[in-house]
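Below, each value reflects all heavy atoms present in this structure, side chains not excepted, and no hydrogens, waters or symmetry copies.
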Amino acid sequence: MAMTNYTKWLLRSRLAAFIGGALFLGTSFAAFELDLPARVTKILIPIGLCLLVFGMLDSLGLIQRKWVKAAIREENQRMRPGS
């Protein structure tokens with residue numbers, strides 16, 4: 001079974017949110033518990049937060065609204081019997 005645009009969109013948005021969360025939480029933990037240098041923390045925490053917010057907004061369909069609607073329409077059409 002080939003991956004549809006809808007499936008690719010879901011995977012991309014969830015992966016971005018997961019990586020962002022892991023980067024943010026991992027960096028925060030390393031900064032407080034393992035004394036990660038502040039220079040590294042100032043770079044990684046905002047990147048992690050941006051990825052996390054992007055992934056969350058994208059998974060809700062708020063970033064590429066027209067493309068997401070087209071992908072959902074395509075998926076619904078593919079799932080209809082007789083198509």
*Just jot down the side chain to side chain donor-acceptor pair (under 3.5 Å) partners of R12, sequence neighbours excluded, or say none.*
D58

*List the atom of S59, the atom of R14, and the distance in Å for their closest heavy-atom pair.*
CB-NE, 4.0 Å

_Using 0.5 Å steps for rounding, measure from the CH2 atom of W9 to the CD atom of E75._
11.0 Å

*How many angstroms lie between CG in L57 and CG in L52, if you round to the nearest 0.5 Å?*
9.5 Å

Extract all donor-acceptor atom pairs below 3.5 Å that involve side chains of residues 24-44 and protein atoms in other chains or at least two apart in sequence.
| residue | atom | partner | partner atom | Å |
| --- | --- | --- | --- | --- |
| T27 | OG1 | L23 | O | 2.6 |
| S28 | OG | F24 | O | 2.8 |
| T41 | OG1 | P37 | O | 3.1 |

